[in-house]
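By convention in this document, chain letters (A, B, ...) are assigned in the order of the sequence lines, proteins followed by strands, and residues within each chain are numbered from 1. What you see is a predicted model; the values in this text were computed from it and never measured.
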Number of protein chains: 2
Amino acid sequence: MTDIDRPRRRLPRSVREQEIIDAALRVFAKRGYRAAVVDEIADLAGISKPMVYLYLGSKEGLFIACIRRETQRLVTAFREAAGAGDDPARRLWAGLTAFFGFVAAHRDSWVVLHRQAPEQSEAIAAELAAARRSVRAEVTGLIGDGIARGAGGAVHLGRDDADFVAHALVGAADSLTDWMELHPGEPPEGVTLRLMNMTWVGMRNVLAGEVWAPPR
Amino acid sequence: MTDIDRPRRRLPRSVREQEIIDAALRVFAKRGYRAAVVDEIADLAGISKPMVYLYLGSKEGLFIACIRRETQRLVTAFREAAGAGDDPARRLWAGLTAFFGFVAAHRDSWVVLHRQAPEQSEAIAAELAAARRSVRAEVTGLIGDGIARGAGGAVHLGRDDADFVAHALVGAADSLTDWMELHPGEPPEGVTLRLMNMTWVGMRNVLAGEVWAPPR
DNA sequence: TTCTAATCTTACTCATCAGTAAGTCTACTT
DNA sequence: AAGTAGACTTACTGATGAGTAAGATTAGAA
């Protein structure tokens, strides 16, 4: 998204920093942390390498800045969509749709957050683990609510089960990002619909002819 | 799994090659393709670097050899478990259990197959894509059978739906690999049981108190 | 025993890239 | 108009690591 035609205009630090992070996100997503070259990031940001070091400190710092900013964005998008409403199924629907919409629109963010070998350094491993945990925590929260709501009866499900389901859902969603790339026509709602049918209704019942539809 | 005490015994190429691939798998899984250092692989294999190049050609060739061998192993394990029987649910249960068992026993294989940024080179991207496709194809096959079996009634599900479900299942399974690391006590069967309840029965029904049990 | 092919080694080269030194330039203040 | 702080650059250094040249060693065949 960085312009090409810009005639080397000087920009205030706060703006330039964001542009550098934009560029870094693209390059990290395309090449992976280790193969990404800081010079390429600088070029893409329309700037020279020492600026990157002046503002972000190091390649590691740059990567961590990407993770922080994009985690924030993703969690916000999810939370705003899933926050409203009362019915657990409806909130899950809204949250997942926001997720798929976000990933379709910001594929690089997702790739950087979830498709990196985390063992590049202690700091990066910790940062990525925290990022992934916080994304998953959003889902775990929703599922936990669903369990609390539905568990008046014979069910004996706890936090642990919510966490299991969150792992499975996030993993499925991650993988479905690839499926989306193979089916560019499919809107995020379509993906969510299929996933809700699979997990919420259950494949057995789906095979028996049952379908789920979004509330309203 | 390579010995430490070996007094620099000479080994025939066929054996040494496998030991090199063993070592490479561990290092690639631990560090990622780019950060992995060939000298470390050689050390771990109890050999010097030129042997690696003599036998495997290049770092890229070494990586591709890992992918091929481990894909083969995983697909074989899955196919043998899921091949027998008639009931789709039973075969899915068996296949998934084999999968989780395999990943628990060969975590490095899975990490190399599914946790690498594929854009290191044209050849690696192609090889990884093929590997992932072939793993997923096993699942797609099972689901497709299930659909064909169950689709006497009102259901209008096709190959496309099977592929969607396969994506979601493989992604969920991948993520559950992490869950397993957080719950070392849980046997593969336990993980499969939870996943079957979630996808086969459906979360809504599970919340309503229904549970799935493995046949027999 | 002698020869030979396969196994294996030490000791390099050379490209790449993270990080920096030592400034220059320009917008804005006073 | 002069001064200054912040934006920006060119041109390096030093480490790391893929790949190789040139040959040493040993298991077994003849």
Can you tell me if the side-chain N/O atoms of [X] get under 4.0 Å from OP1 or OP2 in [N]?
X	N	value
Arg34(B)	dC17(C)	yes
Tyr55(B)	dT7(C)	yes
Arg16(A)	dC8(D)	yes

Ring centre gap for Trp200(B) and Trp93(B) strictly below 6.0 Å: no

Suppose we call two aromatic rings close when their centres sit under 6.0 Å apart. Are Trp179(B) and Phe100(B) close by that rule? no

Interatomic distance where [atom1] belongs to [X] and [atom2] belongs to [N] [whole Å]:
X	N	atom1	atom2	value
Lys49(A)	dC12(D)	NZ	P	13 Å
Tyr53(A)	dT9(D)	OH	C1'	16 Å
Glu17(A)	dC8(D)	CD	C1'	15 Å
Leu54(B)	dT25(D)	CG	C1'	15 Å
Leu56(B)	dA18(D)	CG	P	14 Å
Ile47(B)	dT9(C)	CD1	P	6 Å
Asp39(B)	dT9(C)	CG	C1'	13 Å
Asp43(A)	dC8(D)	CG	P	15 Å

Closest-nucleotide 5' rank along DNA chain D - winner of Ala35(B) and Met51(A): Met51(A)

Counting primed atoms, P, OP1 and OP2 as sugar-phosphate and everything else as base, the B/S/- map of nucleotides 21-30 of chain C against protein heavy atoms under 4.0 Å is B---BS----

At under 4.0 Å between heavy atoms, what does Ala36(A) touch on the DNA or RNA strands: base, sugar-phosphate, or nothing? sugar-phosphate

Taking Arg91(A) first and then Asp145(A), would you say they form a salt bridge - that is, a charged N and a carboxylate O separated by under 4.0 Å?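 Counted as a salt bridge, because a side-chain N and a carboxylate O are separated by less than 4.0 Å.
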
Nucleotide nearest Ser48(B) (side chain, heavy atoms from C-beta), chosen from dA18(D), dC8(C), dG19(C): dC8(C)

Side-chain atoms of Lys59(A) come closest, of dC8(C), dA7(D), dG19(C), to dG19(C)

Answer whether the closest heavy-atom distance between the side chains of Arg26(B) and Asp22(B) falls below 4.5 Å.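 Arg26(B) vs Asp22(B): side chains apart.
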
Face-on cation placement of Lys59(A) at Phe28(A) ring, 6.0 Å and 45° thresholds: no

Step by step, work out the side-chain contact (heavy atoms from CB on, under 4.5 Å) result for Thr192(B) and Phe99(B). CA-CA 9 Å; Thr192(B) 314; Phe99(B) 172 85; over 6 Å; no

Determine, stepwise, if the pair Val165(A) / Met203(B) fulfils side-chain contact (heavy atoms from CB on, under 4.5 Å). CA-CA 9 Å; Val165(A) 171; Met203(B) 285 168 48; 3.8 Å; yes

